[in-house]
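What follows is a single structure, written as structure tokens, with notes after it.
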Amino acid sequence: MTNKEELLYDIFKKKFSFIIENNEELKKKINYIQNYNFNILLYSKYGFPLDLFLDELIKKKYNIKNEIYRTEIIWNKNIIYNENKFFFEIDLMNPLLPKDFNFLNNFIITILKTKNILFDKHLIIIKHINILRNQFSILKILLEKFSNNVFFICTTYNISNIECAILSRFTYFRIPLFTTQEIETIFKKYLNIDLNKYLIENRC
């Protein structure tokens, strides 16, 4: 990213809560999901910022007023994850993680040995669960074994790569891409610039 692009993205991030509040469909979904304490799968197409949507969901769910802080932790020498008093989060797209994902079972068992003093269940966020497509048996075991004291929020941009046996263990929500008109409004209202005319003409 150029410096200008980084600046615009920072503005976009800061304004994202207002963008959701002014989008009827996204507002309706986030208000519904925030009260849900069972396994959730958020999916969309590339182009929608699922990470930002997820952050806004967590803010709503736990009444967090400011930006969500994350502490990066290394478990067992090479497993990188984020921790917060409300959740544990691991991004399977992190290039520094081992590729076999056999660590997941022991990793989550370790988390669950710590009693959650705030809530009945732990919240574990797993981003890009489609990356587990060759090891879904690991995820099945986790979802079945720990259902009493943990719930998962997972994300993916490739729901077609997730087998039905996994999907049946989630309530999944499709997060739609912004329309061209919505993107044009975001650019003008929140970024104070015009969307490229070519993109508008081609409804891109």
Side-chain angles (χ1 to χ4, degrees), residues 1-34 40-75 78-97 123-131 152-159 172-204:
M1 280 189 181
T2 64
N3 290 338
K4 183 179 180 181
E5 288 170 338
E6 288 180 358
L7 177 61
L8 289 173
Y9 187 69
D10 285 342
I11 296 171
F12 178 68
K13 284 174 62 177
K14 290 175 182 175
K15 299 292 186 181
F16 198 70
S17 59
F18 299 104
I19 293 170
I20 287 180
E21 281 296 313
N22 288 285
N23 184 298
E24 203 58 42
E25 184 172 0
L26 294 179
K27 181 180 178 180
K28 184 177 179 181
K29 285 194 173 180
I30 213 165
N31 286 340
Y32 176 76
I33 300 171
Q34 69 173 312
I40 294 168
L41 175 62
L42 303 176
Y43 73 98
S44 189
K45 297 290 186 182
Y46 283 113
F48 186 89
L50 274 179
D51 285 356
L52 298 186
F53 183 87
L54 178 58
D55 276 8
E56 292 306 318
L57 171 60
I58 298 299
K59 287 179 185 178
K60 283 263 191 178
K61 187 173 186 65
Y62 297 114
N63 195 29
I64 301 171
K65 302 300 182 184
N66 301 313
E67 186 175 349
I68 295 176
Y69 72 88
R70 288 168 167 83
T71 302
E72 184 176 278
I73 296 176
I74 299 178
W75 175 78
N78 63 344
I79 309 303
I80 300 172
Y81 72 98
N82 293 319
E83 185 174 319
N84 177 287
K85 69 177 182 179
F86 300 107
F87 61 83
F88 300 88
E89 175 186 85
I90 188 163
D91 186 348
L92 300 182
M93 285 284 283
N94 189 325
L96 300 179
L97 287 177
L123 167 57
I124 296 178
I125 296 169
I126 303 178
K127 295 182 176 181
H128 306 288
I129 63 163
N130 54 287
I131 301 296
F152 294 85
I153 297 180
C154 299
T155 68
T156 183
Y157 286 106
N158 291 292
I159 194 170
Y172 43 99
F173 298 89
R174 184 182 72 84
I175 311 302
L177 288 170
F178 290 115
T179 65
T180 304
Q181 185 175 355
E182 287 169 343
I183 294 172
E184 188 177 2
T185 300
I186 289 169
F187 268 63
K188 286 183 178 179
K189 185 173 181 179
Y190 299 103
L191 303 181
N192 200 29
I193 57 175
D194 291 325
L195 182 62
N196 187 299
K197 290 182 179 179
Y198 175 81
L199 297 180
I200 298 173
E201 291 170 0
N202 289 276
R203 313 301 296 170
C204 181

Looking only at heavy atoms, the pair that brings Ile129 and Leu92 closest together is CA-CD1, 4.1 Å
More than 12 non-hydrogen atoms from neighbouring residues, nucleotides or ligands closer than 6.0 Å to CD on Glu6, yes or no?
-> yes
task = Apply side chain to side chain contact (heavy atoms under 4.5 Å, CB included) to Phe152 and Ile126, showing your working.
result = CA-CA 7 Å; Phe152 294 85; Ile126 303 178; 3.9 Å; yes
For Leu26 and Asn23 the tightest heavy-atom approach is N-OD1, 3.1 Å
Between Lys13 and Asp51, is there a salt bridge with N-O shorter than 4.0 Å? no
Pro176 and Ser44 have their tightest heavy-atom pair at C-OG, 4.4 Å
With sequence neighbours left out, the residues meeting ring pair (Phe, Tyr, Trp, His ring centres under 6.0 Å) with Phe86 are Tyr62
When rounded to the nearest 0.5 Å, the distance separating NZ of Lys188 from OG1 of Thr185 is 7.5 Å
Quick one: do the Lys65 and Asn63 side chains pair a donor with an acceptor below 3.5 Å?
-> yes
Hits for side-chain contact (heavy atoms from CB on, under 4.5 Å) against Ser17, two or more places apart or cross-chain, chain-then-number order -> Glu56
CG (Leu54) and CD1 (Ile153) are apart, to the nearest 0.5 Å, by 6.0 Å
Q: Look only at the side chain of Asn22 and the backbone of Phe18, and say whether a donor-acceptor pair between them is shorter than 3.5 Å.
A: yes
dist Ile40:CD1 -> Gln34:CD (nearest 0.5 Å) comes out at 10.5 Å
Tyr9 meets the ring pair (Phe, Tyr, Trp, His ring centres under 6.0 Å) criterion, sequence neighbours left out, with none
Result for side chain to side chain contact (heavy atoms under 4.5 Å, CB included) between Phe173 and one of Leu42, Ile30, Leu41 points to Leu42
*Quick one: do Lys29 and Ile175 satisfy side chain to side chain contact (heavy atoms under 4.5 Å, CB included)? Show the steps, please.*
CA-CA 8 Å; Lys29 285 194 173 180; Ile175 311 302; 4.2 Å; yes
Looking only at heavy atoms, the pair that brings Ile68 and Asp55 closest together is CD1-O, 3.4 Å
(message) If you define the side chain from C-beta out and look only at heavy atoms, does anything of Ile58 sit under 4.5 Å from Ile64?
(response) yes
Rounding to 0.5 Å, atoms CG (Asp91) and CD1 (Ile125) come to a distance of 11.0 Å
task: Report the C-alpha separation of Phe53 and Phe16 in whole Å, then their side-chain angles, then the decisive distance to 0.1 Å, and conclude whether the side chain to side chain contact (heavy atoms under 4.5 Å, CB included) test is met.
output: CA-CA 8 Å; Phe53 183 87; Phe16 198 70; 4.3 Å; yes
Looking at Lys28 and Glu24, is any side-chain nitrogen of the basic one under 4.0 Å from a carboxylate oxygen of the acidic one?
no
- Under 3.5 Å, is there a donor-acceptor pair linking the side chains of Asn84 and Glu89? no
Glu83 meets the salt bridge (Lys or Arg N to Asp or Glu O under 4.0 Å) criterion, sequence neighbours left out, with none
Can you confirm whether Asn3 is buried at CG, in the sense that more than 12 heavy atoms of other residues, nucleotides or ligands lie under 6.0 Å from that atom? no
Here the gap from Asn158 atom CG to Ile131 atom CD1, rounded to the nearest 0.5 Å, amounts to 7.5 Å
For Lys60 and Asn31 the tightest heavy-atom approach is NZ-OD1, 3.3 Å
| message | A quick test of your reading: do over 12 heavy atoms of other residues, nucleotides or ligands sit less than 6.0 Å from CG of Asn78? | response | yes
Output for pair (Ile186 CD1, Ile193 CD1), nearest 0.5 Å, gives 11.5 Å
Residue set satisfying ring pair (Phe, Tyr, Trp, His ring centres under 6.0 Å) with Tyr46, at least two apart, ordered chain then number -> Tyr157
### Candidate pair Lys127 and Leu50, rule side chain to side chain contact (heavy atoms under 4.5 Å, CB included), full reasoning
CA-CA 9 Å; Lys127 295 182 176 181; Leu50 274 179; over 6 Å; no
For the OH atom on Tyr172, are there more than 12 heavy atoms of other groups (residues, nucleotides or ligands in this structure) within a distance under 6.0 Å? no
- May I ask you to decide if Tyr43's main-chain N or O and Thr156's side chain share a donor-acceptor pair within less than 3.5 Å? no
With sequence neighbours left out, the residues meeting ring pair (Phe, Tyr, Trp, His ring centres under 6.0 Å) with Tyr81 are Phe107
On a heavy-atom basis, the closest approach of Leu191 and Phe12 is CD2-N, 3.9 Å
